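Single-structure report; data block below.
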Amino acid sequence: MSAASTPAVPSSFAELGLPPTLVAVLAAVGYEAPSPIQAATIPPLMEGRDVLGMAQTGTGKTAAFALPVLARVNLGLAAPQALVLTPTRELAIQVAEAFQRYAATLPGFRVLPIYGGQHYQPQLSGLRRGVHVVVGTPGRVRDHLTRGTLKLDQITTVVLDEADEMLKMGFADEVDFILQQAPKTRQVALFSATMPTAVRRIAQTHLRDPAEITIASKTRTAADVKQRYWLVSGAHKMEAVTRILEAEPFDAMIVFSRTKAMTTELAEKLQARGFSAAALNGDMPQNERERTVARLKDGSLDIIVATDVAARGLDVERISHVLNYDIPTDSESYIHRIGRTGRAGRSGEAIVFVAPRERGLLRVIERATRQPITEMRLPTLQDVYARREARFRDQVLEAVADDGHGNDPRPLLESIAADNNLSILDVAAALARLVRGPAASAEVDRAQASVTQASARGPAARERPRRERPDGESAGAAPVTAAAPRPDRAGKGTSPVPPGMVRYRVEVGYEHQLRPGQLVGAIANEADLDSQYIGRIDIFDDYTHIDLPEGMPPATSRILAKAWVCGRQLRLRPADAPAPAAPSPRPPRPPRAPGGSKPKSAGPRKS
Ligand code: AMP
């Protein structure tokens with residue numbers, strides 16, 4: 001293998017040798033500059049070289065391999081020219097969607113995801129119609145090759161995405177088999193978050209003189225910046241921001257998002273929720289950007305939502321908080337971002353939102369900054385209310401201190417009170433309600449529910465296809481509904497296991513603050529099981545019984561055994577199986593509830 005290359009500062013997409021049509025799409029998508037993995041990987045892939053890339057999810061690796069494939073695809077040839085192997089069907093779908101998005105200017109381009117668990121028919125008709133790129137899980141791709149329904153003779157590029165995960169899931173034989181079927185002339189790009197021996201073996205067997213890419217980050221300390229992360233993804237991020245803005249005492253905040261379009265969208269949403277926010281991005285004319293920064297400096301604006309490029313060099317002492325709405329694609333960007341706070345010897349706070357799949361990237365950043373990034377304590381409703389009250393007190397006292405410039409409303413208030421037989425306190429209370437707006441508790445309650453649920457979703461949450469439910473809710477996006485107690489989950493005491501179900505035990509319970517929705521979310525994601533198939537849940541003090549369909553594949557039960565919910569490993573096992581040998585933080589206790597033996601059932605517990 002050739003020497004490891006460390007990319008220089010990311011250049012523009014045009015400099016990477018991509019055709020102008022693709023560069024135009026990226027501008028439209030809102031990417032400002034290539035991420036480091038893209039800057040390092042695209043040129044060798046464009047030259048036709050093999051690539052061995054160490055890259056976590058979240059670094060932009062999908063575009064790193066998809067763009068060179070799209071740059072060279074022959075749209076006149078209706079045969080698969082690139083094959084991407086992914087460990088899971090969710091990732092297959094997500095990668096296929098990314099190809100489609102980047103191919104917006106390639107008329108007639110077709111990509112097909114093929115994965116286990118879906119009927120063969122739609123995949124067969126897709127393949128027959130002719131596709132340019134196939135993205136699939138190794139098992140199903142091998143099946144199609146054996147049946148002769150997928151041909152690799154026109155393949156020029158094979159991508160192994162998340163190779164370590166693929167091998168962990170036991171797909172080594174499939175990967176070998178598939179690579180042997182591909183033409184000898186093919187280019188191979190292998191991406192993996194880690195490089196265990198099994199991945200090295202695949203690379204040594206199937207890659208030829210690959211450009212080996214590792215993004216070496218300079219380690220740097222950011223001693224004055226306290227760093228926290230919040231496990232939250234997708235639609236719930238907006239609720240999470242709202243909660244942070246409500247509960248965190250901050251002076252000024254800079255919120256980072258990955259795309260220019262998102263800066264505007266987010267700033268507008270924050271304004272609509274009553275926050276003093278504005279976007280800062282490269283599409284804005286220079287004088288408008290300067291005005292925005294000046295407003296932040298003089299305190300007439302508290303929040304700016306910016307992209308990395310727009311915020312470069314920003315030096316505003318007031319910035320007490322940096323919020324990474326999207327985790328940056330690399331640790332260098334992270335260090336630049338958090339450097340916007342903690343200026344002039346002040347201390348600063350950095351918060352990063354991390355989707356479950358991006359946890360690997362978080363660890364990389366943690367290593368690079370040599371600082372722990374601790375999990376954020378969810379601001380409670382009490383925190384939110386207490387902050388609101390404190391703000392209100394300040395506002396009232398400010399108004400009291402202000403003499404009103406000759407405008408004295410006291411006679412009017414006295415006459416309102418006298419005419420209506422009210423006390424001055426009654427009138428003041430009514431005015432307070434008017435000033436503070438409608439009681440926000442319902443809104444905050446909703447935010448609390450969705451944010452808490454989101455943080456408990458399993459690693460596949462981000463990629464999960466949104467399945468429409470009959471009630472119009474989408475299962476992927478609305479864990480609260482997915483988790484809502486249903487009559488069949490309700491129940492008291494020990495009930496018979498319904499036919500076709502198996503009762504399992506997991507080592508997390510009421511005293512770990514488990515709510516049924518969290519378990520449903522985690523299991524639905526980790527086991528890739530639609531939440532409607534999850535049966536009754538009985539939460540006991542320190543463990544829970546959950547009914548799941550019979551015939552769970554051993555690989556799935558292994559995944560579920562290792563999954564974490566509420567900071568506890570589930571260690572899932574059949575409820576009647578003996579306790580595993582692994583040390584348990586606490587020996588299982590029989591259910592305890594008022595009356596002695598009744599578990600706390602999911603039914604009546606509201607999430
Ligand atoms: P991936 O690591 O491929 O899963 O990408 C993670 C996220 O980064 C996706 O949401 C992409 O849309 C986004 N992304 C990829 N490349 C860039 C880029 N150059 N600039 C901004 N966002 C990007």
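Hydrogens, waters and symmetry mates play no part in the numbers below; they use all other heavy atoms, side chains included. Both ligands and their constituent atoms are indexed starting at 1 by order of listing. What you see is a predicted model; the values in this text were computed from it and never measured.
- Residue-to-ligand polar distances place Tyr31 within reach of ligand 1: an N/O pair is separated by less than 3.5 Å.
- Ring pair Phe353/Tyr325 is tilted by interplanar angle, where 30° to 60° counts as tilted.
- Atoms of ligand 1 found under 4.0 Å from any heavy atom of Thr62 (numbered from 1 in listed order, with element): 1 (P), 3 (O), 4 (O).
- Close approach of ligand 1 to Ala33 is summarised as follows: ligand atoms under 4.0 Å from at least one heavy atom of the residue are 18 (C), 19 (N), 20 (N).
- Looking at Pro34 next to ligand 1, no N or O pair under 3.5 Å apart turns up.
- Backbone and side-chain nitrogen or oxygen atoms of Ala63 are examined, and none is located within less than 3.5 angstrom of a nitrogen or oxygen of ligand 1.
- Between Glu15 and Ser12, the side chains place a donor N or O and an acceptor N or O closer than 3.5 Å (distance only, hydrogens not considered).
- Residue Ala98 does not touch ligand 1, judged by heavy-atom distances below 4.0 Å.
- Looking at Arg337, Arg258, Lys237 one by one, the single match for salt bridge (charged side-chain N to carboxylate O under 4.0 Å, His left out) with Asp326 turns out to be Lys237.
- For ligand 1, the polar-atom distance check finds no N/O of Phe13 at less than 3.5 Å from any of the ligand's N/O atoms.
- Between Glu248 and Lys226 no salt bridge is recorded (no basic side-chain N to carboxylate O distance below 4.0 Å).
- With a 4.0 Å heavy-atom cut-off, ligand 1 is reached by no atom of Phe65.
- By the 4.0 Å N-to-carboxylate-O rule, Arg291 lies too far from Glu288 to be salt-bridged with it.
- For the 3.5 Å distance criterion, the side chains of Gln56 and Glu358 fail to qualify, holding no donor opposite an acceptor.
- Ligand-side atoms of ligand 1 in range of Ser35: 19 (N), range being under 4.0 angstrom from any heavy atom.
- Note: Phe191 and Phe65 meet the aromatic proximity criterion, with ring centroids under 6.0 Å apart.
- Ligand 1 has an N or O atom lying under 3.5 Å from an N or O atom of Gln38, backbone or side chain.
- Side-chain contact between Asp161 and Leu190: absent, with no pair of heavy atoms (C-beta onward) separated by less than 4.5 Å.
- Between the side chains of Arg89 and Gln94, no donor-acceptor pair of N or O atoms lies under 3.5 Å.
- In terms of N/O distances under 3.5 Å, ligand 1 is approached by Arg258.
- Annotation: Thr259 places no N or O atom under 3.5 Å from an N or O atom of ligand 1; distance criterion only.
- Polar contact check, Gln56 against ligand 1: no nitrogen or oxygen pair lies under 3.5 Å apart.
- Of the heavy atoms in Arg101, only side-chain atoms (C-beta onward) come closer than 4.0 Å to ligand 1.
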